[in-house]
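Please read the structure below before turning to the comments.
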Amino acid sequence: MYAAHPLPTAALHQRINDWYAWHGRDLPWRARDAGPWGVYLSEVMAQQTPLSRVEPVWREWLQRWPTPAALAAAAPGDAVRAWGRLGYPRRALRLHEAATIMVERHGGAVPDTSEELLALPGVGAYTAAAVACFAFGLPEVVVDTNVRRVLARLIEGSAQSSRATPSRAESEFAARAMPRERHTATVWNVAVMELGALVCVARGPRCGQCPVADLCAWNLAGRPAYDGPARRGQTWKGTDRQVRGELLRRLRDRHHALTLRELRDAGPQDVQVLRCLDSLVADGLVEPLTGGRFQLPS
DNA sequence: GAAGCGTGGGC
DNA sequence: TGCCCAAGCTT
């Protein structure tokens, strides 16, 4: 994949970066005063979560816990509760763990290299690169779902939007596709993401507004439909996922420990509710108390 | 590499 | 209405 395709030229870099200068959103974590901690929080919250839902929670967290030390001093259950309905609540727990590590090993600061960032819980290749780039101005290779889709269409001419982890070929191509100059490269990272988020969207791309539509291999090929293997949709109704969500919702909404009797209606079958409760305890999202009661971790 | 992990909006 | 999708990570 990508091997036979030409790299973006400096002119193409310029067009996308210029488009971003005009059309990029003023997201709060893009403000100069957001700081590395603000950027870090935003990147974790945005994992698999629409930004419109992230923004209010991000403001709340930053006001309540303006530094890693402030979050580390809180109970993990407070983080889980303040996470609200963002989804994947293990992220809240990992943010709390990461804040603790920042205090213990990094002087209370967000580490400023992708290697150290990658070592934090809940931080993978994307988040490490994004924080290094957006918080510290390092020209890391940022590859998220938007970047993958834009490059696949623009360069390769394919409609593929696989949900798997980026392949080695994709990451290597993304690296070669970046501008060489450092500042241009850091803008490019956010600009391509933004293009994917606003124009080159998964369904119903707005090619009429795209600054590089005339160069886009996919557009020039007539925007062929995806023809790869079918992607497996996530099942939801009746899954452990749903029941875990219902259990946590109950524990978030009530500010005291709950009994099994109060939790059993989280799912249709007691055996499933118990299994999910066990898995939540194993994940550290729920704390069992004596007397068969449960609460968010203290 | 695949599967599991939340939640809700849009088409 | 149901399905797809959203700044992924971990096991």
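Throughout, a chain's letter reflects where its sequence line sits, starting with A, and its residues are numbered from 1.
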Thr49(A) has a side chain; which of dT10(C), dA7(C), dG6(B) sits nearest to it? dG6(B)

Could you check how far CG of Leu27(A) sits from P of dA7(C), rounded to whole Å? 11 Å

Donor-acceptor list for residues 206-220 of chain A side chains, cut-off 3.5 Å, not counting sequence neighbours:
residue: Arg206(A); atom: NE; partner: Leu198(A); partner atom: O; Å: 3.2
residue: Arg206(A); atom: NH2; partner: Leu198(A); partner atom: O; Å: 3.2
residue: Asp214(A); atom: OD1; partner: Arg15(A); partner atom: NH1; Å: 2.7
residue: Asp214(A); atom: OD2; partner: Arg15(A); partner atom: NH2; Å: 3.3
residue: Trp218(A); atom: NE1; partner: Pro224(A); partner atom: O; Å: 2.9
residue: Asn219(A); atom: ND2; partner: Ala213(A); partner atom: O; Å: 3.1

Roughly how far apart, to the nearest Å, are dG6(B) and dT11(C) at atom P? 14 Å

What is the separation between atom CD on Gln48(A) and atom C1' on dC4(C), rounded to the nearest whole Å? 12 Å

Apart from Leu258(A) itself, members of its ILVMFWY cluster (side-chain separation under 4.5 Å) are Val80(A), Leu93(A), Val243(A), Leu247(A), Leu248(A), Leu251(A), Leu260(A), Leu263(A), Val273(A), Leu274(A), Leu277(A), Leu280(A), Val281(A), Leu285(A), Val286(A), Phe294(A), Leu296(A)

Could you check how far CZ of Arg241(A) sits from C1' of dC5(B), rounded to whole Å? 5 Å

With hydrogens left out and only the distance checked, is there a donor-acceptor pair under 3.5 Å joining Thr239(A)'s side chain and the base of dG4(B)? no

Is the distance from the ring center of Trp65(A) to that of Trp37(A) below 6.0 Å? no

Do you know the tightest heavy-atom contact between His96(A) and Leu71(A)? CD2-O, 3.2 Å

dC4(C) versus dA3(B) - spacing of their P atoms, nearest Å: 16 Å

Qualifying residues under side-chain contact (heavy atoms from CB on, under 4.5 Å), relative to Gln47(A), sequence neighbours excluded: Val44(A), Arg91(A), Thr127(A)

Selection residues 98-111 of chain A - residue pairs positive for side-chain hydrogen bond (donor to acceptor under 3.5 Å, both in side chains), sequence neighbours left out: none

Here the distance between atom C1' of dA3(B) and atom CZ of Arg244(A), to the nearest Å, is 14 Å

Looking at every strand, decide which applies to Arg275(A) at a 4.0 Å heavy-atom threshold: base, sugar-phosphate, or nothing. nothing

Using a cut-off of under 3.5 Å, enumerate the N/O to N/O pairs linking the protein to nucleotides 8-11 of chain B.
residue: dG8(B); atom: OP1; partner: Arg85(A); partner atom: NE; Å: 3.2
residue: dG8(B); atom: OP1; partner: Arg85(A); partner atom: NH1; Å: 3.1
residue: dG8(B); atom: O4'; partner: Arg53(A); partner atom: NH1; Å: 3.4

Please give, in whole Å, the distance from dC9(C) C1' to Glu43(A) CD? 14 Å

May I ask you to say what Trp29(A) touches in the nucleic acid, namely base, sugar-phosphate or nothing, with a heavy-atom cut-off under 4.0 Å? base

Less than 4.0 angstrom between a side-chain N/O of Arg149(A) and OP1 or OP2 of dA6(C), yes or no? yes

Tell me what Leu248(A) touches on the nucleic acid: a base, only sugar-phosphate, or nothing, going by heavy atoms under 4.0 Å. nothing

Starting from the 5' end of DNA chain C, give me the residue, Val123(A) or Gly196(A), whose nearest nucleotide shows up first. Gly196(A)

Write down the distance between CZ (Arg250(A)) and C1' (dG6(B)), rounded to a whole number of angstrom. 15 Å

Rounded interatomic separation in angstrom, taking CG from Leu93(A) and P from dT10(C): 13 Å

Would you call Arg148(A) and Glu156(A) a salt bridge, taking side-chain N to carboxylate O under 4.0 Å as the test? no

What's the CZ-P distance between Arg91(A) and dG8(C), to the nearest Å? 9 Å

Remember a base hit wins even if backbone is also touched, and classify Val201(A) as base, sugar-phosphate or nothing at under 4.0 Å, heavy atoms. nothing

With rounding to whole Å, what would you report as the distance between dA2(B) and dA7(C) at their P atoms? 22 Å

Taking transitive links into account, so neighbours of neighbours count too, which hydrophobic residues share a cluster with Tyr88(A) at under 4.5 Å side-chain distance? none

May I ask you to verify if any side-chain N or O of Arg252(A) is less than 4.0 angstrom from the OP1 or OP2 atom of dT7(B)? yes

